[in-house]
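Below: the structure, in structure tokens.
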Amino acid sequence: MIEAGQPLGVEQPKSFAFTPENLERAKVAIAKYPPGTFSPIMPLLHIAQEQAGWLPTAAIVACADLINMPHIRAFEVASFYTMYNRRPVGKHHVQVCTSGPCHIMGSDDILHTCRNKLGVHGHEVTADGKFSVAEVECLGACVNAPMVQINDDYYEDLSPASMEKLLDDLANGRPVKVGSQTGRQKSCAASGPTTLKEVK
Ligand code: FES
């Protein structure tokens, strides 16, 4: 059982077991990789996180045991990627990208807007359990910077005002628009087309 390196101040459940349905999903994931390799650890961790809502140490161990992977190797994977939450997160887990392009486009303001509006810092979850905020590396949507990922969805072309509105809407259960918040089509130039303007 892994003990060193567990996040401080996090109450860990003593055990974790996949539900029968998720165990079947885990077996399907394992079968996609060559036998005896550790490659299935990533989808297994995803399934475990989906089930528990976050990734307790006991869940990491259960995933490793399914493929006879040394616990510490599985822990290395789980602690490297920010997509794995080794602490409980809010119902809406806001991941703010602060890498190069997002930084240039104002991600600091987006991060401050989230933290100030929600009153959370570090790994805290809001008192009502609705929100948590994390600062993460590039999420691969640089063209639409600055952006955040909330649970499985991307919200792009943000400003402090649109970020605040997004948080308000989520807090109040109102529908929100996924993708660009300025209405631009996917990753098309924000200033509009510069070529192929006339269709003949
Ligand atoms: S730098 Fe933010 S998505 Fe790439």
Side-chain angles (χ1 to χ4, degrees), residues 7 10 29 39-50 52-55 60 74-126 129-172 174-196:
V10 176
S39 306
I41 192 62
M42 297 192 72
L44 294 182
L45 292 172
H46 269 296
I47 295 168
Q49 177 165 279
E50 219 179 275
W54 60 292
L55 202 52
I60 301 172
F75 186 79
E76 285 166 1
V77 174
S79 58
F80 180 80
Y81 295 102
T82 53
M83 67 182 84
Y84 299 121
N85 303 313
R86 292 182 304 115
R87 299 167 177 273
V89 293
K91 179 180 172 200
H92 306 289
H93 183 48
V94 184
Q95 299 180 67
V96 184
C97 170
T98 55
S99 288
C102 280
H103 180 74
I104 291 168
M105 296 301 287
S107 62
D108 277 2
D109 293 338
I110 301 300
L111 184 63
H112 292 149
T113 298
C114 294
R115 293 214 187 285
N116 292 340
K117 182 164 182 63
L118 300 172
V120 289
H121 298 277
H123 298 282
E124 293 166 353
V125 178
T126 53
K130 281 189 180 170
F131 291 97
S132 51
V133 180
E135 187 177 352
V136 300
E137 299 298 326
C138 180
L139 290 169
C142 324
V143 175
N144 294 63
M147 59 79 65
V148 302
Q149 178 178 352
I150 304 179
N151 298 348
D152 292 333
D153 293 317
Y154 278 18
Y155 300 85
E156 304 156 342
D157 298 323
L158 289 161
S159 64
S162 60
M163 186 72 235
E164 202 164 330
K165 178 175 184 315
L166 183 55
L167 294 174
D168 270 336
D169 288 344
L170 288 171
N172 290 296
R174 291 192 287 263
V176 294
K177 182 169 164 277
V178 171
S180 173
Q181 301 301 299
T182 58
R184 82 159 131 160
Q185 295 292 307
K186 301 188 167 49
S187 299
C188 294
S191 54
T194 55
T195 57
L196 300 175

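All figures in this text were calculated on a predicted structure; none of them were measured in a lab. In each ligand, atom 1 is the first atom listed, and ligand 1 is the first ligand listed.
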| Are His93 and Phe131 an aromatic pair by the rule of ring centers under 6.0 Å? |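 No, the ring centres sit 6.0 Å or more apart.
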Rounded distance (nearest 0.5 Å) linking atom [atom1] of [X] with atom [atom2] of [Y]:
{"X": "Asp109", "Y": "Leu158", "atom1": "CG", "atom2": "CG", "result": "11.5 Å"}
{"X": "Met163", "Y": "Asp168", "atom1": "CE", "atom2": "CG", "result": "10.0 Å"}
{"X": "Cys97", "Y": "Met105", "atom1": "SG", "atom2": "CE", "result": "12.5 Å"}

| request: Locate the shortest heavy-atom distance separating Leu170 from Ile150; write the atom from each residue and the value. | output: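 Looking at all heavy atoms of both residues, the closest pair is CD1-CD1, 3.7 Å.
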| To the nearest 10°, how many degrees is the angle Cys138 SG to atom 4 (Fe) of ligand 1 to Cys142 SG? |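 Answer comes to 90°, rounded to 10°.
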| task | Please state whether the separation between atom 2 (Fe) of ligand 1 and some N/O/S atom of His103 is under 2.8 Å? | result |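 No.
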| query | Above 12 or not: heavy atoms from other molecules or residues under 6.0 Å from CG of Asn172? | reply | yes
| field | Protein residue, atom and distance nearest to atom 3 (S) of ligand 1, heavy-atom basis | value |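 The protein heavy atom lying closest is Ala141 N, 3.3 Å.
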| request: Go through ligand 1 atom by atom and flag the ones less than 4.0 Å from a non-hydrogen atom of Leu139. | output: 3 (S)
| message | Under a 4.0 angstrom heavy-atom cut-off, which atoms of ligand 1 come close to Pro101? | response | 1 (S)
| request: Would you check if atom 4 (Fe) of ligand 1 lies under 2.8 Å from any N, O or S atom of Cys102? | output: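 No, since none of the N, O or S atoms of Cys102 sits under 2.8 Å from atom 4 (Fe) of ligand 1.
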| Measuring to atom 4 (Fe) of ligand 1, does Cys97 have an N/O/S atom at a distance below 2.8 Å? |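 No, Cys97 does not qualify, because none of its backbone or side-chain N, O or S atoms lies under 2.8 Å.
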